[in-house]
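Working notes for the structure below.
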2 protein chains.
Amino acid sequence: MSRKSSFNQEIIIKEDKSGPVDTKTPGRKRCPVAHQNILQATSKLLNEIGFSNLTIEGVAAHAGVGKTTIYRHWPNKASLVMDAFLAETAPQFPYPDTGSVIRDIREQMKLVIKVLNSPNGKTVATLIGASQTDKELAEAFRTRFLAVRRTESKAILKKGIERNEIPSNIDADVLLDTLYAPLYFRLLIKHAPLTEIFVDQLVNLITTGLNRTNLST
Amino acid sequence: MSRKSSFNQEIIIKEDKSGPVDTKTPGRKRCPVAHQNILQATSKLLNEIGFSNLTIEGVAAHAGVGKTTIYRHWPNKASLVMDAFLAETAPQFPYPDTGSVIRDIREQMKLVIKVLNSPNGKTVATLIGASQTDKELAEAFRTRFLAVRRTESKAILKKGIERNEIPSNIDADVLLDTLYAPLYFRLLIKHAPLTEIFVDQLVNLITTGLNRTNLST
DNA sequence: TCAAATCGATACGTAGCGTATCATAATAAA
DNA sequence: TTTATTATGATACGCTACGTATCGATTTGA
């Protein structure tokens, strides 16, 4: 049936410190080289054959480790892929500082679509896809990917409010959903392309509003 | 590896006419009762155990047919589920006629979230999820679900343009993505609830625009 | 020195896939 | 009516990958 192992048990505790760990327990330490090799093999295979064709046994073979070792470090395929994905993708969405918050957002959204149009975007899509049948992966995606980005985004919105570029009574989550959900929707459904023009249209519509669109063009 | 069977081969040809088929070929006809039983068992199991736990063999057992028969009618699990899903969900998104197109859209969006918050919504989510690793299912979802709804939506937008409620130079796909993508995004990510208030906030933001939001409240 | 935890390797049972085969039943054309 | 053709349910099959268990060997702290 479904996997029951937890994401936040031995994993987080022992894995978060990937440097020298000061545990008091006896016994042989986990080999950080094996750990890294597994993550790198996972990233490589993800880009080459995609999430669905990736198997734990394949990762083990490419990383030169026993598959037992992988199961000691990660409870399942989804959590392994999540770690590999975050290590490679997390630092790719910085907001610029152009002087205008709306412009900052617009430019950052163009960075986002660059990533979403790359092999990493395919991984994002498959992770969201697999989240639909894997509650722990879904939780990991929300807290370790989305929430991190939301925190950054809300800081930008706060700056915009302080500068009177954005009304102070706005619901940040509603605004951010309106801005970013269309990007992910096109990533997932593929009914239309993710272009910079699309970002411009989106930001123009949301800032100007439907009622005034014909006045402003 | 992946399944190669086509959605549009013997399937569409023989299945679209679920009534009495006027084929010139000899031999025994497909049993329409078995076909219907399979679809109904699939719908039932979908709501009970979800897409990921649903197996072809389970459907066969519940429908009282051999699994061979299922494989003769559908190339894989995804296409079977798609058919069962469409049969039950397709007619659930009508636009009302309130006199105001914006209000029509707002009310229809509230119907949409009703469905998305029901077990059918879970099925939508898992279908989009499975689409990430199944190209044929993705294509079926686009053409048989999304495109049908887009056609209806564009007719409403056209009415709005004729009534001068909506500017004529608007890009319909951009506007529809901005309106509906946030609903599906919340369905898929579950970072925030899908409420009627959310629909109101969304429509208000998009019609009024960020720049004027503080003027209008 | 000894207990504990790791490592890679290997074997195992399980689930569900999609296919093949079978005798039987239904149907259209000859 | 006969014959060719196709569908049906049942069953068996090979396959892949899962996740677990076990093994001797190795590393480490107490």
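Sequence lines set the chain letters: A, B, ... in the order given, protein chains first and strands last, and positions in each chain run from 1.
- Contact of B:Thr68 with D:dA10 (side chain to base): a donor-acceptor pair of N or O atoms is detected under 3.5 Å.
- Of the two residues contacting DNA chain D, namely A:Leu54 and B:Arg28, the nearest-nucleotide position lying further toward the 5' end is that of B:Arg28.
- In this structure, A:Asn53 places its CG atom 11 Å from P of D:dC18, rounding to the nearest Å.
- Panel note: side chain B:Asn117, backbone B:Ile113; a donor-acceptor pair is recorded below 3.5 Å.
- Rounded to whole Å, the distance from CG on A:Asp134 to P on D:dG19 is 10 Å.
- Whole-Å rounding puts the A:Ile49 CD1 to D:dA17 C1' distance at 13 Å.
- Judged by atom type and distance alone, B:Thr55 does not reach the base of C:dA15 through any side-chain donor-acceptor pair under 3.5 Å.
- Distance CZ (B:Arg72) to P (C:dT19): 12 Å, rounded to an integer number of Å.
- Rounded to whole Å, the distance from CD1 on B:Ile56 to P on D:dT11 is 19 Å.
- Between B:His73 and the phosphate of D:dA7, there is no side-chain N or O to OP1/OP2 separation shorter than 4.0 Å.
- Put simply, the side chain of B:Lys67 and the base of C:dG18 share a donor and an acceptor less than 3.5 Å apart.
- For B:Phe145 and B:Phe85, the ring centers are positioned less than 6.0 Å apart.
- Of the candidates D:dT26, D:dG19, D:dT8, the closest approach to any side-chain atom of A:Tyr71 belongs to D:dG19.
- Between B:Trp74 atom CH2 and D:dA7 atom C1' the separation is 14 Å, expressed in whole Å.
- When the shell of 6.0 Å around NE2 of B:His191 is examined, it contains more than 12 heavy atoms from other residues, nucleotides or ligands.
- Atom NZ of B:Lys29 and atom C1' of C:dA28 are 7 Å apart (whole Å).
- Side-chain N/O atoms of A:Ser79 and A:Asn76 include a donor and acceptor closer than 3.5 Å.
- One atom, CD1 of A:Ile70, and another, P of C:dC7, lie 11 Å apart when rounded to the nearest Å.
- Taking the ring centre of B:Phe51 as origin, the terminal cationic atom of B:Lys77 falls inside the region bounded by 6.0 Å and 45° from the ring axis.
- Taking only side-chain atoms of A:Arg30, from C-beta outward, the nucleotide of D:dT8, C:dA28, C:dC7 with the closest atom is C:dC7.
- Mapping A:Glu57 and A:Val65 onto DNA chain C by nearest heavy atom places A:Val65 closer to the 5' end of the strand.
- Checking D:dT8, C:dG8, C:dT27 against the side-chain heavy atoms of B:Cys31 singles out D:dT8 as nearest.
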